[in-house]
Undergrad: 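Right, I'll just put the structure down here and ask away after.
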Amino acid sequence: MSKALSDPGFNPYAALSNPKGYIEAGTDKNRDGEHMMGTSIMAVEFDGGVVMGADSRTSAGQYVANRASDKISSVHERIYCCRSGSAADTQAISDMVRYYLALHGVELGKRPLVKSAATMFRQICYNNKDNLMAGIICAGWDEKEGGQVYSIPLGGTLVRQPFAIGGSGSVFIYGLCDATYKKNMTKDECVEFVSKGTSKYNRLLLTWFLLANNGALFAPFSSGTRHVAGRLVGRHHPPVHHRQGWRGAPLHRPQGLAVYADDKLGVIL
Amino acid sequence: RKTTERRKKLDCARSETMSGIGTGYDLASDTFSPDGRLFQVEYASKAVDQMGTTLGLCCKDGVVVGVEKLVQSRMLVKGTSGRVMAVDTQAGIAIGGLAADGRQIVNRARQEATSYRDFYGVPIQGKVLADRISMQMHMYTLYWFMRPAGCSVLLASYASDGPQLYMVDPSGSSWGYHGCAMGKGKQIAKTELEKLSLGELTCREAVKAIADIIYQVHDDTKDKLWELEMGWVCDESKRVFEPVPRDVLKEAEDAAKAKADAEKEREKAKKEEELKKKAEKAAEKEKEKTEMEVDKA
C-alpha cells in the first residue's frame, strides 16, 4: 500500500534514460491523453439568481495540464455555463452558443432567456452526440423566470432542476447534495451549499477512489483542489470573477466574488 | 429616316400597349424608374386593393382579424379556401390579395415559427416573426426572375410581448398597427376604425366592430356572393389563434347584417322622399306653367 502511495504512475526520469532526451509526444498515455476535465461542477438557483461552482483541474491522462482552469464560461451577460467532459468540445460548444445568443439578443432587442441558451446547448449536444463528450450545466438569470439551472448531460437531454451537479467528481456528492439541499434557500445558503459540494474534501475522495481502483495516484503536489472559482449571477450586476494566477499564493479556501441582488459588491468565501 | 420611323412606331406601339404610369420602366421587378419607384411592386399593391377588404384590430386582451371573402360561385362549400390561417399556436395570418401567394407566405411563416421554437425553446415573438415575413416578401422584389407577392398579410400575434398586429405589404415593409385595413373598402374601413376607442376595446367587441365595418363597406350590387371569415387570438381563446367561435361570429354577423339592412332601408326611404320632392316640385312647375299659359290666353 505504501509503495502504491508513493508511486506516481509514470516514470518521471523516462526522458533522461531515453537517447533522444525526451519522450515523443503522443507516446506516453499518462502524459499525453486528451485533456479531460476530471471535474466537479454544480449550480443552484435562488430567488435573485444562481450560484455556480467548479473545481479548477484539467487533466491529460494522469497529468494535471492546468490546475487553474476556469470551467465556468459566460455565454451572455447573465447566462453562464459550467463545462465538464472534453475541454475542447465544451469550449467549442460554448463559443457557438455565445455567438448565436448574441445574434438572438440583438434580434430580440432584450436579454435572451436562459431557456433559449439551454435549448441551444441541447440542440448542439444532441445533434452531434456521436462526436462530442460534453456535460454542461447552463445557469443564469432572466426577467421572466428568475434564476434557472438547466442540466445538459452527455446524450443531449435538457432538464431544468433546482440544483444540478456534474462531472466525474460529482458522483461522490450526490448523497451530500440530496441531504443538504432544501428549497427556497437564500443566496448565502446557496453559496455554502456550492462550496461544500466542490470543496477540497470531495476532491480528495476522488483521489482515493482512483487509488483504490487502478493504483494510480496524482502526484502529491497536485492533489486536492487549490481553489474554486465561485460565481453569482443575479439580477443587477454582471458577475466579475477573480481568478488566481497560476503562480499565485496558494489558497486554503475557495475564492470568488459575490454580486448581491441589492447592489452591494463584495468578496465572499 | 427609316430608323427614326421605326423608333416612332415602336414608341407608339409601346404607348399603345402600356400607356399608363410606368411606361417602359415597369417591365421587370428589378428596374427602377427615373423618379425612383419600383412599379411592379406598386402594381402588386394594386392587386391587393382590388380584392376583398381585410381588417385587423389589436385590443388590450388580444388581436382580431377579419376578411371579406368574395366568392365566385354558389357551388363552393362554405368554409373552404380559408384566408385566415394559424402560423403557430400564438400567431396567425389573414391574407389580403391573391390567396395563393398568401398561402406561400403563411407556409414560410410556419417554418420560421417552428424552427425558432425548436432552436430557442420559446415561441417566436410578434415583431421577430413580422421581420422574418417581411424579409421573405422583400426578397421577392429583388430579382428579375421572381415577381412580388400579390398579397398583403396581417399578422396577429399574442406572445410573451403581448398582443400585436402587423401588416406586411408586397414591398416587404412591415408596420405595427392598432387597427388596420386593406382591400376594396379600405378608405371607409380606416375611417370607421379611427372612430373606435382602441385602448379599451375587448376582443368580443372588436369582433362586432369588424363585422359591422365589413358589412358596411361590402357592395352588394357588385359582389353578391361572399363570406365573412374571422380569426382571433386572445385571453378568451387561451392565447391560441383560432377561427372566431361560430356562435360569437353569428351573433356579430346578425347584428351587423341588421344594422346594414336598417341603413339600407333608411337610404331607400331617403331616396324615395327625394324623388317625391322632386316630383312635387316638377308638378308645381307644371302647374305654374299651365297657369301662365292660361293667363296669357
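Every chain is numbered from 1, with letters handed out A, B, ... down the list of sequences. Small disclaimer: the values here were computed from a predicted structure and weren't measured.
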Undergrad: Which donor-acceptor pairs lie under 3.5 Å between chain B and chain A?
TA:
{"unit_1": "B/D118", "atom_1": "O", "unit_2": "A/Q123", "atom_2": "NE2", "d": "2.7"}
{"unit_1": "B/Y120", "atom_1": "O", "unit_2": "A/S116", "atom_2": "OG", "d": "3.0"}
{"unit_1": "B/G121", "atom_1": "O", "unit_2": "A/K115", "atom_2": "NZ", "d": "3.4"}
{"unit_1": "B/K127", "atom_1": "NZ", "unit_2": "A/L108", "atom_2": "O", "d": "2.7"}
{"unit_1": "B/R132", "atom_1": "NE", "unit_2": "A/E107", "atom_2": "OE2", "d": "2.9"}
{"unit_1": "B/R132", "atom_1": "NH2", "unit_2": "A/E107", "atom_2": "OE1", "d": "3.0"}
{"unit_1": "B/R132", "atom_1": "NH2", "unit_2": "A/E107", "atom_2": "OE2", "d": "3.1"}

Undergrad: Could you list the residues that satisfy side chain to side chain donor-acceptor pair (under 3.5 Å) with B/E242, not counting sequence neighbours?
TA: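 Per chain and number, B/E242 pairs via side chain to side chain donor-acceptor pair (under 3.5 Å) with B/W232.
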Undergrad: Could you tell me which residues satisfy side chain to side chain donor-acceptor pair (under 3.5 Å) with B/Y177, sequence neighbours excluded, listed by chain and number?
TA: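 Side chain to side chain donor-acceptor pair (under 3.5 Å) list for B/Y177, sorted by chain: empty.
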Undergrad: For the interface with chain B, which of A/L108, A/L158, A/L113 has the highest count of heavy-atom pairs at distances below 4.5 Å?
TA: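 The answer is A/L108.
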Undergrad: Tell me, please, which residues at least two apart from B/N107 pass side chain to side chain donor-acceptor pair (under 3.5 Å).
TA: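 So B/N107 forms no side chain to side chain donor-acceptor pair (under 3.5 Å) with any residue.
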